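The structure under discussion appears below in the form of structure tokens.
Please read these numbers as outputs of a predicted model, since none were measured by experiment. FYI, side chains are in, hydrogens and waters are out, and symmetry mates aren't considered; it's all heavy atoms of this structure. Below, read A as the first sequence line, B as the second, and so on, with proteins coming before strands; counting in each chain starts at 1.
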Amino acid sequence: MPISQTAVRISQMDKYYGTFHALKGINLEVAKGEKIVVCGPSGSGKSTLIRCINRLEEHQSGTITVLGTELDDNLDNIDEIRRETGMVFQHFNLFPHMTILENCILAPKLVRKQSRAEAEEVAMEYLTRVKIPEQADKYPGQLSGGQQQRVAIARALCMKPEIMLFDEPTSALDPEMISEVLDVMVGLAQDGMTMICVTHEMGFARQVADRVIFMADGEIVEEAAPETFFTTPKHERTQAFLGQILGH
Amino acid sequence: MDATLPRQTRLRALRTDYFSTRLDTLVTLGFGLLAAWVLWSLFDWGVLHAVWSAENREACGHGAEGACWAVIDARWRLIFFGLYPFEEQWRSALACAVIVLTGGASCAPWFWTARRLAALWVAGFVTFYVLMRGGIFGLTEVSEQNWGGLSLTIFIFASVTLLGMPLAIVFALLRRSQLPWIARTMGVIIDAIRSLPLLSIMFTFAIVLPFVLPGWMIGDKLHRVIAGYALFFACYQAEIIRGGIQSLPGGQEEAAQALGLGYWHRIGHIILPQAFRNALPATINQLVITFKETSLVVIIGFFEILASGNAAYGNSEWNFAHVEVYAFVGLIYFVFVFALSRYGAYLERRMAVAER
Amino acid sequence: MISLLRQKSFRDTASQVGFIGVLILLVVTFALTAKTNLDAQGMTSGFGFLERATGWGVSFSLIPFDTNDTYARVILVGLLNSLFLGAISLTLATVIGIGIGIMRVSGNKMAELIGTVYVEIFRNLPLLLQAFFWYAVLTTLPRPRDALEFGGVAFLNGRGAYLPGLNVTGFSVFLAAIALAVTVGLWLWLRSARRFARMAPHIKKAWSRGLWLGWAALAVALLWAGRIPETPLLSIPTLKGLNFREGIRVSPELLTCIIAISVYGGAYIGEIVRAGFNAVGKGQSEAGHALGLSTWQTFTRIRLPLAIRAVMPMLINQYVWLFKSTTIGIAVGFVDFFMVISTSINQSGQTLELIAILMGGFLVINYSMAWVLNRVNDAIKLKGTQLRT
């Protein structure tokens, strides 16, 4: 694949927590516009993997290249990569002392040096897109979990990133709110965003993913298009996992 | 709605609160009688038989039955203003009022951003200093040597807080650094300074610093003592701020990092504002303690309110009136400190409600 | 070069090296300036002065001391005095604090009110003000002839408090006190440590009794051995002429410090104890009552132990802080560690060395106290989940 079409390239990446080998020899290539879903049992390293992509975790060996920039010690590179990747967390992590609108305009103002008016315009656009423009002046504590997560998505989008990383975005939500968030994510996928999602929502994977990746014990065990992945998984571990997850 | 019902429940409430069991009744009666006796004696001494005005000085003295508040009437200027020149004492009073107003204004939530608070306090302090010091705007100059009493206490307190708070933030951030050498060294320094008595630190800065500093840095003894006290305050406040930072969920910093915010933006916009909100009750408590401990400078030889109180009764004319003078000085401290700690309790309640 | 500055690993190392470097630079600058100043004033440095005789006496000492004794010894005297004052005041403060704390959570509104008034008054006034107040009160008490009497064996007047005492050497009393502290420590350990939890209660009781009897025997032996010859064992203060003879005289200075620190500390500890009780959820007491325990039993076996565990870290901080407040001795004339250092500086001029000793002394004492108390805390604290309501 030509370099300019690659969003993320991870090559022989290892990560240790002290002596614990959390990620073993990861190789992954994600093209621009591709949607990847990462799944696996807890402790498999899936969250660690995507957190390495925007340097919330440091990898010890191998290379990670995001949008052509190598992710290493260089602070300029790290800043650039963080500008171009957006992340949505399991626990939303909205800033409780700021209104919804202020949450969204903070980074564009400070990092992209936009004026307040510009940033507010962009923010309202994305808040409308996630269907809660009327909550702009409320505080996060006044919103439901589903609303907060949608704000979190809008906040990340306000930086106009090229890649969106999702770390179990619906795991902390009550069941009735999961669909409103998934709808937003589906809409985002249809608009052509490059997405890497760690999630248990297999329905979403079926609908949206170009590839599904199964991880266990820090390794990528299986990688396939959704139809193949769900109907004819190759590895025993994948089969066991799917059996557990889809059996409910 | 039965009109007699409220009265009955009130009576019953009185009963459960004070007289529910036999032990309870005994305790209530016992303490009640004790309290009544103490209150009556105080009232008798302090009000009924007291002498109020300075002209009746002869009525006081040994063998007098009541309090001799005349000493306050005679010596209040000394207690409030120390040796400040008589004609200029209105400036001292005004300066104190300015600081009290500044403190009051800080309680309004409108001021609760770093910039506004800093601006408010710097403005208040500069006004205070200009009023006290003079030398410009046509005010006669009064050197710091002659500042005393309550105004010196307030000056020391305000200087220590204004110097110490930014220093505390720096210390807290250094101690939380990811770099082990910096974090551990800062930890050792902070813990060591917190283990030392405040008096010994003030003493060291007053007496020892002239030895170890190059001549141009030595400065005035009052300034050195303020610097020492500010260092001490900063170490205690740094631990409070650090506690506030640690109580934040880790996801806050991560979300800010993921958005691309740099270190100073993260600290200034996300971490510190929330940390300070969490640490507010403990901070107010620390400010209260700082105000009280300014009294220690009397041992170093400064003429703050405790010393001026001592001087007020110390001379032969009023030297029996120590209780009255200490009660008055105590009342002044009490007013400031009680107001501050009540405000802290109010903030604590307000934040507990907000969190639900 | 610029790109090097943007490498995280380089910046990390450079920051750390820079930070330590700046600190070292400061220390070196101070040392050099000090040396220049000392040389210019022709003063010697070094700790040799500790061997010199002081030429001045102290008003209170637990060990024998006169004007021919060395600086080293006078520093020891100051240190022991501070420790002595600290031990007594902290104990009294704890007793008062527990009392006040219990009053404030008792449920009896009158007791709560009195407790609150006490705390508000004594916490909101500076310690130094309280010390000056008590000192003024104690020194203007009547002359020995008109002293306040307590049961004919203890007296209070303007020169101090006179208590009955034992005619034994101070050293034997000191040893007996150390033995008491050790015994109390062992007893508490026996009662609360997990390793003894499975011991049969009658065996535990036997050990407990044995411990106390052992201490009693040791104390009696020590005191008997330390008897001053040709004097009766008990010494009761009696008025002879203008003053009291016999008995132990507690000077107004020492008395002031004890009263001030105990009352002030008691207010703070009272608040901490109250916080401790509030941290113990109602559910715990309710469970106790549901099991049929009486109010007293629920209090002593459930609420109190949980309350203490909840606030142990705060108590430790408070004790360290209260010990530091013994420095007010200098304000009223009690010969505590700080006052000794300060006088020594005045008399000998060896400022830097003495300040170093002052700082070092307090650091050692406070770190040791914190270490011991933290060990206790680790031993008794609840493992696993915190107290829940």
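- Contacts of B:L209 with chain C are absent, with no heavy-atom separation under 4.5 Å from either backbone or side chain.
- Of the atoms belonging to C:I341, not a single heavy atom falls under 4.5 Å from chain B.
- A side-chain donor-acceptor contact under 3.5 Å links C:N366 to the backbone of B:S195.
- Under a cut-off of 6.0 angstrom, the local environment of OH in B:Y263 is crowded, with over 12 non-hydrogen atoms contributed by other residues, nucleotides or ligands.
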C:W134/B:Y326 under side-chain contact (heavy atoms from CB on, under 4.5 Å): CA gap, chis, key distance, verdict: CA-CA 10 Å; C:W134 292 118; B:Y326 284 136; over 6 Å; no
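- If you measure heavy-atom distances from C:Q130 to chain B, you find no contacts under 4.5 Å at all.
- At a 4.5 Å heavy-atom cutoff, the contact between B:R342 and chain C is made by side-chain atoms alone.
- Taking CG of C:L363 as the reference point, atom CD1 of B:I193 lies at 10.0 Å (rounded to 0.5 Å).
- The minimum heavy-atom distance between C:L129 and B:G330, with the atom names listed, is CD2-CA, 3.5 Å.
- Using bins of under 30°, 30° to 60° and over 60° for the plane-to-plane angle, the ring pair B:F203/C:F338 lands in the perpendicular bin.
- Under the 3.5 Å distance criterion, the side-chain polar atoms of B:K292 are left unmatched by any main-chain donor or acceptor of C:L128.
- Looking at C:M103, only its side chain comes within 4.5 Å of chain B, counting heavy atoms on both sides.
- In this structure, no portion of C:F337 lies under 4.5 Å from any heavy atom of chain B.
- Both the backbone and the side chain of B:S200 come within less than 4.5 Å of a heavy atom in chain C.
- For residues 297-308 of chain B, a heavy-atom distance under 4.5 Å to chain C picks out B:V298, B:I299, B:L306, given by residue number.
- Annotation: side chain of C:W321 is in contact with side chain of B:I289 (closest heavy-atom distance under 4.5 Å).
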Full working for side-chain contact (heavy atoms from CB on, under 4.5 Å) between C:F19 and B:M186: CA-CA 10 Å; C:F19 183 75; B:M186 213 56 229; 3.8 Å; yes
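- Looking at every heavy atom in both residues, B:I182 comes nearest to C:S15 through CD1-O, 3.9 Å.
- Neither the backbone nor the side chain of C:L32 comes within contact range of chain B; no heavy atom of the residue lies under 4.5 Å from a heavy atom of that chain.
- Taking B:T294, B:L34, B:V208 one by one and counting their heavy-atom pairs under 4.5 Å with chain C, the maximum is reached by B:V208.
- Atoms OG1 and CD1, from B:T185 and C:I20 in turn, are 3.5 Å apart once rounded to the nearest 0.5 Å.
- Residue contact with chain B, scored on non-hydrogen atoms closer than 4.5 Å, involves the backbone and the side chain of C:L125 alike.
- With a 4.5 angstrom heavy-atom cutoff, B:L340 does not touch chain C via any of its atoms.
- Between B:L196 and C:M359, the shortest heavy-atom distance links the atoms CD1-SD, 3.3 Å.
- Heavy atoms closer than 4.5 Å to chain B are found nowhere in C:F323, neither backbone nor side chain.
- Residue contact with chain B, scored on non-hydrogen atoms closer than 4.5 Å, involves the backbone and the side chain of C:S342 alike.
- Your options are C:K35, C:E120, C:M369, and the one with the most heavy-atom pairs under 4.5 Å with chain B is C:E120.
- A pairwise comparison of heavy atoms in B:P210 and C:N37 identifies O-ND2, 3.6 Å as the closest pair.
- If you measure heavy-atom distances from C:F132 to chain B, the contacts under 4.5 Å come from both the backbone and the side chain.
- Annotation for C:F30 and B:V212: closest pair CD2-O, 3.2 Å, computed over non-hydrogen atoms.
- C:K324 places no side-chain N or O within 3.5 Å of a backbone atom of B:L199 that could act as its donor or acceptor partner.
- The structure places CD1 of C:I328 at 10.0 Å from OG of B:S295, a figure rounded to the nearest 0.5 Å.
- In this structure the side chain of B:F336 never reaches within 4.5 angstrom of the side chain of C:N124, judged on heavy atoms.
- Taking CZ of B:F31 as the reference point, atom NZ of C:K109 lies at 15.5 Å (rounded to 0.5 Å).
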